[in-house]
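These figures come from a predicted structure and were not determined experimentally. Below, each value reflects all heavy atoms present in this structure, side chains not excepted, and no hydrogens, waters or symmetry copies.
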Protein chains: 2
Amino acid sequence: MSDDPRPGKRNAIRAQNETLILQAAEKVFAEAGFGGATMQLIADVAGLPKANLHYYFATKEELYRRVVQNIFEIWLQAAEAMDGAETPAEGIGAYIEAKMDISRRHPNGSKVWASEVMHGAPVIQDYLETTLRDWTAGRAALIQRWIDEGRMAPISPQHLLYMLWATTQHYADFSHQIETLNGGKPLTDAQWREATESVKSMILRGIGAA
Amino acid sequence: MSDDPRPGKRNAIRAQNETLILQAAEKVFAEAGFGGATMQLIADVAGLPKANLHYYFATKEELYRRVVQNIFEIWLQAAEAMDGAETPAEGIGAYIEAKMDISRRHPNGSKVWASEVMHGAPVIQDYLETTLRDWTAGRAALIQRWIDEGRMAPISPQHLLYMLWATTQHYADFSHQIETLNGGKPLTDAQWREATESVKSMILRGIGAA
DNA sequence: TCTTTTCCTGACCGTATGGTCAAGTTGAAA
DNA sequence: TTTCAACTTGACCATACGGTCAGGAAAAGA
């Protein structure tokens with residue numbers, strides 16, 4: 001699966017600069033929004049001349065699209081936590097833990113995604129209509145099966161999924177608000193554990209799977 | 001409390017144009033973000049020449065600030081639903097209903113607020129540190145009292161509040177995603193009722209107040 | 001009526017932005 | 001070494017943006 005043809009150093013340079021730019025872009029897009037972000041600022045954060053960005057990414061939109069795709073793929077991967085599970089408590093608990101972990105480690109990606117969806121998903125509408133729709137249908141069916149088997153309360157699978165997304169992503173998207181309400185300090189390790197446990201216990205009890 | 005001095009028509013014109021501009025601004029800021037919104041587009045949506053906007057609102061920031069303040073005040077008002085309540089089920093249930101109603105009726109305001117907070121709250125940081133912090137402390141104390149009285153499970157009041165905000169606002173901020181997953185159609189009246197009931201039942205059961 | 005204040009708006013300005021380009025440098029292949 | 005493609009970058013350009021302003025229209029007051 002490795003697409004390294006031959007030239008070793010060339011590929012290394014390309015890979016390194018692309019990830020460097022993508023990291024800078026994620027940060028700047030998250031902090032300023034698509035419209036507020038400038039290629040010049042992204043370049044400065046990445047430590048490269050602006051013209052060099054355009055060598056790797058032709059347009060601002062193209063760079064932005066890659067950033068959004070990145071977080072989406074990370075989330076899709078985390079969703080697999082739900083699949084191997086036997087019980088709702090196990091599957092949904094693991095999914096909550098995975099998503100809380102992502103909220104902590106990739107808050108910028110989550111913000112860029114939120115911003116994109118809030119503005120009508122101009123760039124990733126096709127993802128919503130294909131990958132996300134299929135994924136959602138599959139998990140809703142899994143949850144419905146658990147309900148039919150009497151392992152959890154008969155709640156709406158759709159709205160449970162929305163609640164899972166909303167609560168976990170809130171800790172990334174609204175991290176600034178949470179930090180302010182936490183005395184201006186970021187959550188500590190212990191506080192993140194408490195947050196995760198709180199979300200887990202409320203939701204698992206809420207769906208009758210505790 | 002009415003600050004009408006004398007000139008009737010003049011005040012009417014001013015009031016009318018200000019709300020016209022604020023509505024247009026809310027829509028455009030929600031759809032494009034602060035950086036992506038242009039005064040020209042807001043003017044077009046409002047049906048006024050751009051120079052007229054600057055007559056009522058000196059700068060883009062000033063206009064934006066007013067939009068953000070509006071939604072915040074609406075939310076504060078809704079929070080009173082929680083106060084008169086005797087039981088947790090009653091108080092939190094009413095708060096969820098009020099916030100879901102706002103998500104439905106003011107999705108743009110909610111999006112502008114979310115965007116503002118995501119970008120580090122450059123404009124309304126003082127609100128977070130004063131009004132919101134005080135409000136949060138008060139409600140957290142109320143919830144703690146309920147817990148101490150054995151009326152609900154001993155969950156973290158802070159994280160319960162975050163869950164309430166996250167779940168209810170999700171229906172506004174991610175309305176586009178929800179709509180896409182709903183076959184491209186906005187939620188109907190019945191679906192909004194179902195959403196509200198789902199959120200209420202999951203959370204109330206989740207905190208042991210059902 | 002005449003005067004004053006508020007309101008309205010087309011034309012304009014300086015700046016910042018996304019993107020281009022031509023001239024170079026560096027690494028790989030022959 | 002020579003050749004060629006991949007990479008780098010300062011300088012540049014057209015455009016679009018937030019904001020200004022002067023001069024006029026409409027309303028209020030005298």
Side-chain angles (χ1 to χ4, degrees), chain A residues 2-22 24-29 31-68 112 115-116 119 122-123, chain B residues 2-22 24-29 31-68 112 119 122-123:
Chain A
S2 95
D3 47 2
D4 273 74
R6 240 62 44 73
K9 192 161 185 181
R10 275 283 151 82
N11 265 29
I13 289 179
R14 179 153 217 115
Q16 184 183 336
N17 279 347
E18 279 189 359
T19 63
L20 191 65
I21 294 169
L22 283 171
E26 183 180 89
K27 188 170 194 285
V28 174
F29 281 134
E31 286 171 2
F34 178 80
T38 69
M39 294 297 271
Q40 185 61 64
L41 183 54
I42 295 173
D44 291 347
V45 171
L48 296 172
K50 191 185 69 162
N52 210 350
L53 295 208
H54 282 99
Y55 175 74
Y56 287 102
F57 301 91
T59 67
K60 192 182 175 186
E61 278 82 0
E62 185 184 324
L63 178 53
Y64 175 75
R65 190 189 320 254
R66 283 283 299 273
V67 170
V68 176
V112 175
S115 194
E116 162 71 4
H119 298 349
V123 167
Chain B
S2 96
D3 48 1
D4 273 74
R6 240 65 42 74
K9 192 160 184 181
R10 275 283 149 82
N11 265 29
I13 288 177
R14 177 154 220 116
Q16 184 184 336
N17 278 348
E18 278 189 359
T19 63
L20 191 65
I21 293 169
L22 284 170
E26 183 180 90
K27 187 171 194 287
V28 174
F29 281 134
E31 288 172 359
F34 178 81
T38 69
M39 294 298 270
Q40 186 61 63
L41 182 55
I42 295 172
D44 291 347
V45 171
L48 296 171
K50 190 184 70 161
N52 210 351
L53 294 208
H54 281 99
Y55 175 74
Y56 287 102
F57 300 91
T59 66
K60 189 183 176 186
E61 278 83 1
E62 185 185 322
L63 178 53
Y64 174 75
R65 189 190 322 255
R66 284 283 299 274
V67 170
V68 176
V112 176
H119 298 350
V123 166

task = Take the protein atom CD1 of I13(B) and the nucleotide atom P of dT5(C), then report the distance between them rounded to whole Å.
result = 18 Å

key: Residue-phosphate contact under 4.0 Å: R14(A) side-chain N/O, dC7(D) OP1/OP2   = yes

request  = Name all pairs fulfilling the salt bridge (charged side-chain N to carboxylate O under 4.0 Å, His left out) condition that reach into residues 31-60 of chain B, sequence neighbours left out, sorted by first residue then second.
outcome  = K27(B)-E31(B)

Those residues that, when tested against Y56(A), pass ring-ring contact (aromatic ring centres under 6.0 Å, His included) (two or more places apart) = none

Evaluation steps, side chain to side chain contact (heavy atoms under 4.5 Å, CB included), between I42(B) and L63(B) = CA-CA 10 Å; I42(B) 295 172; L63(B) 178 53; 4.2 Å; yes

inquiry  = Rounded to whole Å, please give me the gap between CG in L53(A) and P in dC7(D).
reply    = 15 Å

request  = Under 4.0 Å from any atom of DNA chain C, heavy atoms only: list the residues of residues 42-52 of chain A that qualify, in numerical order.
outcome  = K50(A), A51(A)

ask   = Which pair of non-hydrogen atoms, one from A37(B) and one from A32(B), has the smallest distance, and what is that distance?
value = N-CB, 3.7 Å

key: Non-hydrogen atoms of P49(B) and A43(B) that approach each other most closely   = C-CB, 4.1 Å

For atom CG of N11(A) and atom C1' of dA28(C), their distance in whole Å = 12 Å

Residue met sooner reading DNA chain D from 5', once N17(A) and Q40(B) are mapped to nucleotides = N17(A)

remark   = In short, F57(A) meets R66(A) closest at the heavy-atom pair CE2-NH1, 3.9 Å

Partner residues of R14(B) under the salt bridge (charged side-chain N to carboxylate O under 4.0 Å, His left out) criterion, sequence neighbours left out = E18(B)

query = Residues two or more places apart in sequence or in another chain: which of them pass ring-ring contact (aromatic ring centres under 6.0 Å, His included) with F34(A)?
reply = F29(A), Y64(A)

message = Measure CE/M39(B) against C1'/dC13(C) and give the value in whole Å, please.
response = 17 Å

request  = For DNA chain C, find the residues of residues 54-66 of chain A with a heavy-atom distance under 4.0 Å and give them by number; none if there aren't any.
outcome  = H54(A), T59(A), K60(A), E61(A)

